[in-house]
Protein chains: 2
Amino acid sequence: MATIKDVAKLAGVAISTASYALSGDRRVAAKTKEKVLEAAKQLNYRKNGFAMDLKRSRTNTIALILTDLSGPYYSELIRSVQDVALSNGYDLVACSSMGGKESTAVKFLREKRVDGAIVLAHNITDEVLLQTASSNFPIVAMDRVTTGEGLISIVVDGELGGYKATRHLIDHGHQSIAFVSGPANSYDNMLRYQGYLRAMHEAGLEEKAKWRLSGNFVRDGGYKVTKMMMMQGELPSAIFYGNDEMAIGGIKAIEEESYSVPDDISVIGFDDIQLAEYINPPLTTIRQPMHESGSLAGHLLFQMLNDQEVNDSYKLKVELVERKSVKSVEEVSKSLI
Amino acid sequence: MATIKDVAKLAGVAISTASYALSGDRRVAAKTKEKVLEAAKQLNYRKNGFAMDLKRSRTNTIALILTDLSGPYYSELIRSVQDVALSNGYDLVACSSMGGKESTAVKFLREKRVDGAIVLAHNITDEVLLQTASSNFPIVAMDRVTTGEGLISIVVDGELGGYKATRHLIDHGHQSIAFVSGPANSYDNMLRYQGYLRAMHEAGLEEKAKWRLSGNFVRDGGYKVTKMMMMQGELPSAIFYGNDEMAIGGIKAIEEESYSVPDDISVIGFDDIQLAEYINPPLTTIRQPMHESGSLAGHLLFQMLNDQEVNDSYKLKVELVERKSVKSVEEVSKSLI
DNA sequence: CTGAAAGCGCTAACAC
DNA sequence: GTGTTAGCGCTTTCAG
């Protein structure tokens, strides 16, 4: 591999001159520059990125760390972060935290291969974040509330979301409402559940233990849990699934047993993933402000990178998007007559 | 930022000893090692990744380059590449080629910030690929046929796909079949179109110019073009959309005009994106073997990285997945009686 | 305008 | 086992 040294030699100039010429410094004579460029081309010279980063001790790159690069949910988020990065003249790389402590993500953080990071990955411990972040290595954590030096957090108001979802069901006359939760250790899930409880209590409704089930935030979990619920006989009139994936699985289960959504059972989800609007019936759900949060995360990161003051935690509002998977009980009974 | 030098000094050992201790070389005494580790912890020492890469002149990382990180189509591909990378002990970063020559992607390639790359991004020119690839910087290009030193390619048999799709329609008795194409400069599109033509000619059918329209591979394009077609009056009995996105837009247009898919018009797509199975009616389409191609790309890259021989181009088969958007003309006419 | 030289932080011979 | 040292390839003073 040709180095700048080779280029300089071939062009018959000093290394520094070659460097200047290559990086377009204006003080090299046009003729010299041309010579260098020619030599570079001839040698198929490629500058070595690390050497440069090492010297500059800056990478001009930020990382977006996700649990699973292949998850389809993040598209909007990724896009907005990307836009912000681009408009700040920074590069963005995405990497996965699969593999926990050994993952690419953790390596990137620990070894400072980037100038800062946005992390949306629950399998990275708070400890790692706290240890890695510092004023010259800012991190924006999403969906968790850890803060510290150089570490700020953005969360979405899941409690409010849970409340809104449940309230929507109650407002439509539902009294028996099941909650299908995600993993027990999930902070998001807990918030959504708390919102659910608040709405239920406020309306003087009771949560039935047998209608609180866990589907682990995955489609198949929602499916299985719903099947189980149906086998037990007594059914709720509405189900609040902790996320859309589970709701999609749930709807499938419901329809397989020849019940109809929303005629027999109303369903509401959470997230508003892309699929939500395409399934049948289109899913009423709580929309996560992906675009806003990505964009906010990006901006905050750059503010920190530029040593500007930022708050250390942000909470984003959430909204209900009404589609066709919830029907009011009055309407349902009317149509039965 | 503490460097290894600081650690060594605090621990009272030489730099090399510190380095050995930190990287777990077995020849340092347990006690020394402990001292070093303790010092490192105290200083909150983080090793500098570039310095290491520079020294080692290897990064243990490969890049997956996509046009748009936020595209949802690639999930399966990303996952399979990720699996292969992980199981080879390599890290994977994904980056976007948005921004063309100035993009992160091109920078990563030119500056060799990784050991090799898989690129699925049409806005990166063949030239860049050819220039950057070399025996010690292998690149696997997907969806294009450029090859060169250290550069191999994987394509999916689009011609066959186009043929199969069209043939499926013909086998269902359709004679007037429209083709909605993607961008004119798209290689994929061309292949699919050729397959379409081959099937048409083989069946002695004629392509009508007015039924060959371009929807630019986007949903809205499919929608508009279909609307236009419908306004012109005479309708085909089936439409082959160059990709699923356009088909989804097209179906919307068709239904807005109170026609039904597949009762009035049969529709077939290409790609088998996740949505395809969820829309109404579920879309019959040609499945791209995303998982297989990702996995193949990964394996080939590692073979090249390990200086093993590989072919320089691979072509993957494609299969039809039959769902509900195509109906045979006999069935249709029967139901009209 | 050009050249010599000092490192950036780390690894890996090599010598003790 | 541990210390010394020579770079990896580049940028960037500082002299000339």
Side-chain angles (χ1 to χ4, degrees), chain A residues 1-40 43-61 107-108 110-115 134 136-137, chain B residues 1-40 43-61 107-108 110-115 134 136-137:
Chain A
M1 203 63 253
T3 75
I4 198 170
K5 217 161 146 184
D6 304 318
V7 175
K9 198 193 292 175
L10 182 62
V13 299
I15 298 185
S16 59
T17 309
S19 173
Y20 286 135
L22 255 11
S23 57
D25 192 303
R26 29 171 61 271
R27 76 190 120 171
V28 286
K31 243 178 35 197
T32 318
K33 182 168 172 178
E34 205 175 308
K35 253 192 325 196
V36 173
L37 260 27
E38 176 53 32
L43 292 169
N44 192 26
Y45 166 75
R46 300 275 104 93
K47 96 161 47 176
N48 179 321
F50 315 122
M52 189 176 98
D53 291 340
L54 175 56
K55 189 65 197 175
R56 290 235 175 103
S57 62
R58 257 198 37 216
T59 65
N60 238 270
T61 304
K107 183 170 145 191
F108 263 63
R110 300 207 98 99
E111 302 182 357
K112 298 213 184 311
R113 280 160 193 281
V114 287
D115 293 347
S134 73
N136 47 45
F137 187 79
Chain B
M1 206 62 251
T3 73
I4 198 171
K5 218 161 146 183
D6 304 317
V7 175
K9 198 195 291 177
L10 181 64
V13 299
I15 299 184
S16 60
T17 309
S19 173
Y20 287 136
L22 256 10
S23 57
D25 191 303
R26 27 167 69 269
R27 75 191 120 171
V28 286
K31 242 182 30 200
T32 318
K33 181 169 173 177
E34 203 175 308
K35 255 195 319 197
V36 173
L37 260 26
E38 175 54 30
L43 292 170
N44 192 28
Y45 166 75
R46 303 272 105 92
K47 96 159 49 176
N48 181 321
F50 317 122
M52 188 176 101
D53 291 340
L54 176 56
K55 187 65 197 174
R56 288 234 176 106
S57 63
R58 257 198 37 215
T59 65
N60 239 268
T61 304
K107 184 170 144 190
F108 262 63
R110 302 205 96 99
E111 302 182 358
K112 299 214 184 309
R113 281 161 191 281
V114 287
D115 294 346
S134 72
N136 47 45
F137 187 81

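So that the names make sense, note that chain A is the first sequence line, chain B the second, and so on, each numbered from 1.
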Quick one: CG on A:N48 to OG1 on A:T3, what's the gap to the nearest 0.5 Å?
-> 9.5 Å

Taking atom P of C:dC8 as reference, at what distance in whole Å does atom CZ of A:R113 sit?
-> 20 Å

Atom CG of B:L22 and atom C1' of C:dA12: how far apart are they, to the nearest Å?
-> 15 Å

Starting at NZ of B:K5 and ending at P of D:dT4, how long is that distance when rounded to a whole Å?
-> 13 Å

Where the side chain of B:L54 is concerned, which of C:dG9, C:dT2, D:dG3 is the nearest nucleotide?
-> C:dG9

Of all the nucleotides listed (D:dG7, D:dG9, C:dG3), which has the minimum atom distance to the side chain of A:S16?
-> C:dG3

Just checking B:R27: base, sugar-phosphate only, or nothing, at a heavy-atom cut-off of under 4.0 Å?
-> base

Taking NZ from B:K31 and C1' from D:dG1, how many angstroms apart are they, rounded to a whole number?
-> 13 Å

Pairwise side-chain contact, B:V114 with B:F137, heavy-atom cut-off 4.5 Å (strictly under) = yes

Considering only heavy side-chain atoms of B:T32, the closest of D:dT2, C:dG9, C:dG3 is D:dT2

Side chain of A:A14 only, please: which of C:dA4, D:dG3, C:dT11 is the nearest?
-> C:dA4

Would you say A:T17 reaches C:dG3's phosphate, i.e. side-chain N/O to OP1/OP2 under 4.0 Å?
-> yes

Counting any heavy atom closer than 4.0 Å, what does B:Y20 reach on the DNA or RNA strands: base, sugar-phosphate only, or nothing?
-> base

Tell me: CG of B:D53 to P of C:dG9, nearest whole Å?
-> 15 Å

Using a strict cut-off of less than 4.0 Å between a Lys/Arg side-chain nitrogen and an Asp/Glu carboxylate oxygen, indicate whether B:K33 and B:D25 qualify as a salt bridge.
-> no

Of all the choices, C:dT2, C:dT11, D:dG1, which nucleotide is nearest to the side chain of B:M52 once you look at every atom?
-> C:dT11

Considering heavy-atom distances to DNA chain D, does A:R46 or B:A30 have its closest nucleotide positioned more toward the 5' end?
-> B:A30

Does a distance-only test, which skips hydrogens and angles, find a donor-acceptor pair under 3.5 Å between the side chain of B:S19 and the base of C:dT11?
-> no

Nearest whole angstrom, please: distance from the P of C:dT2 to the CD of A:E34.
-> 13 Å

Side-chain-base donor-acceptor pair under 3.5 Å for B:K47 and C:dG9 = no

May I have the distance from B:R58 (atom CZ) to C:dA12 (atom P), rounded to whole angstrom?
-> 10 Å

Candidates D:dT11, C:dT2, D:dT2 - which lies nearest the side chain of A:I4 = D:dT11

To the nearest 0.5 Å, tell me how far A:K112 NZ sits from A:S57 OG.
-> 11.5 Å

Value in whole Å for how far the C1' atom of D:dG7 lies from CG of A:N48 = 14 Å

No-H, no-angle donor-acceptor pair, A:K55 side chain to D:dG9 base, under 3.5 Å = no

Does the side chain of A:N44 come under 3.5 Å of the side chain of A:R46 through a donor N or O and an acceptor N or O?
-> yes

Output the distance between atom CZ (A:R113) and atom OG1 (A:T61), rounded to the nearest 0.5 Å.
-> 12.0 Å

Taking only side-chain nitrogens and oxygens of B:R56, does any of them come within less than 4.0 Å of OP1 or OP2 of C:dA12?
-> yes

